[in-house]
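See below for the structure under consideration.
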Amino acid sequence: DQQVKQNSPSLSVQEGRISILNCDYTNSMFDYFLWYKKYPAEGPTFLISISSIKDKNEDGRFTVFLNKSAKHLSLHIVPSQPGDSAVYFCAANWGSARQLTFGSGTQLTVLP
Amino acid sequence: DTGVSQNPRHKITKRGQNVTFRCDPISEHNRLYWYRQTLGQGPEFLTYFQNEAQLEKSRLLSDRFSAERPKGSFSTLEIQRTEQGDSAMYLCASSLNSEAFFGQGTRLTVV
């Protein structure tokens, strides 16, 4: 079963506007959530994270929101830039090993 | 460059051959992970080391797969008797806590 779900395979946004990427999870044991950005033929690059004890974390143009009761998190990118075009993965972990469980990704395209 | 380094970047092999990949983690990171990613999917966890001890293995890791991390530094992932279904991107990551940093991956193609 998919414990982390990204239901939108793709998203297109105009340059300068807000990009909102969504992620849902089912495992209530997850206590840390991360977003990664991936270009083709490269490994994922860490973007931003949030602990389950918080509901918001901001880093420059990137903000992650966590709604624990809904088991939902989102990544906001403002303003969006063409260089943000990539696949974005939501991931979560818990326990001593902290291995990541990933969603299937959302392809973001920022149009100039 | 002090990031996670993986070699080789690409490997093409014939079905039935053995292959070995290497990962050099960020030097102060005690945790090391291997993941596999296929087209259209997110990375899937394979195995985890804390220092030199292999502490977790996914059920995805068949008997043909073996990983080592001697002396708690670099790690190797070996696939014996490769099959076409092993074709994927193999990713290594390292961490100190909850945030893992990935290498650029090794793209394996089994023909």
Side-chain angles (χ1 to χ4, degrees), chain A residues 1-10 21-25 27 29-54 57 59 62 64 66 75 86-107, chain B residues 1 3-11 21 23-26 29-51 53-61 67 88-109:
Chain A
D1 68 331
Q2 259 192 305
Q3 298 184 54
V4 178
K5 298 178 187 178
Q6 293 177 257
N7 291 319
S8 299
S10 64
L21 296 100
N22 293 303
C23 178
D24 297 294
Y25 63 95
N27 188 345
M29 299 297 291
F30 289 141
D31 60 10
Y32 205 81
F33 303 88
L34 308 91
W35 285 93
Y36 287 83
K37 174 180 178 179
K38 188 178 184 301
Y39 294 115
E42 294 188 7
T45 300
F46 170 73
L47 269 179
I48 191 168
S49 60
I50 187 166
S51 164
S52 61
I53 62 173
K54 296 186 175 181
N57 188 27
D59 183 2
F62 301 92
V64 56
L66 175 63
L75 174 68
V87 178
Y88 288 77
F89 288 100
C90 168
N93 62 22
W94 69 282
S96 59
R98 313 306 295 182
Q99 71 262 36
L100 294 166
T101 301
F102 282 85
S104 54
T106 297
Q107 171 71 59
Chain B
D1 184 12
V4 178
S5 176
Q6 290 188 248
N7 287 289
R9 291 290 309 276
H10 305 274
K11 178 72 177 178
F21 310 140
C23 172
D24 288 273
I26 294 170
H29 286 183
N30 58 345
R31 296 166 180 260
L32 187 146
Y33 305 84
W34 286 96
Y35 291 83
R36 180 172 69 188
Q37 185 177 20
T38 53
L39 198 61
Q41 301 297 319
E44 294 176 293
F45 169 73
L46 291 178
T47 191
Y48 158 63
F49 289 85
Q50 180 153 336
N51 300 311
Q54 187 174 18
L55 297 183
E56 292 253 353
K57 287 197 283 188
S58 163
R59 56 185 167 79
L60 292 177
L61 210 68
M89 173 79 87
Y90 289 84
L91 294 162
C92 175
S94 69
S95 76
L96 268 180
N97 41 46
S98 292
E99 293 164 1
F101 297 88
F102 284 80
Q104 291 187 299
T106 295
R107 167 71 64 188
L108 173 66
T109 303

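What you see is a predicted model; the values in this text were computed from it and never measured. Protein chains get the first letters and strands the later ones, always in sequence-line order, with residue 1 at the start of each.
- Using a 4.5 Å heavy-atom cutoff, the side chains of A/E42 and B/F102 are not in contact.
- The ring pair (Phe, Tyr, Trp, His ring centres under 6.0 Å) test applied to A/F46 returns A/Y36, B/F101, not counting sequence neighbours.
- In terms of heavy-atom pairs under 4.5 angstrom with chain A, the leader among B/Q41, B/R31, B/R9, B/M89 is B/R31.
- Using modelled atom types, one finds a donor on one side chain and an acceptor on the other under 3.5 Å when comparing A/Y32 with B/E99.
- Heavy-atom distances place no part of A/T45 under 4.5 Å from chain B, backbone and side chain included.
- When heavy atoms are compared at a cutoff of 4.5 Å, B/R107 does not approach chain A at all.
- Side chain of B/Y33 to main chain of A/L100: no donor-acceptor pair is present (N/O by atom type, distance under 3.5 Å, no hydrogens or angles).
- Judged as a side-chain hydrogen bond (donor to acceptor under 3.5 Å, both in side chains), and not counting sequence neighbours, B/H10 has no contacts.
- Of the two parts of B/L55, neither the backbone nor the side chain holds a non-hydrogen atom closer than 4.5 Å to a non-hydrogen atom of chain A.
- Per-residue counts of heavy-atom pairs under 4.5 Å with chain A were compared for B/Q6, B/Q37, B/Q50; the largest is that of B/Q37.
- Side-chain atoms of B/Y48 and A/R98, non-hydrogen and from C-beta on, never get closer than 4.5 Å to each other.
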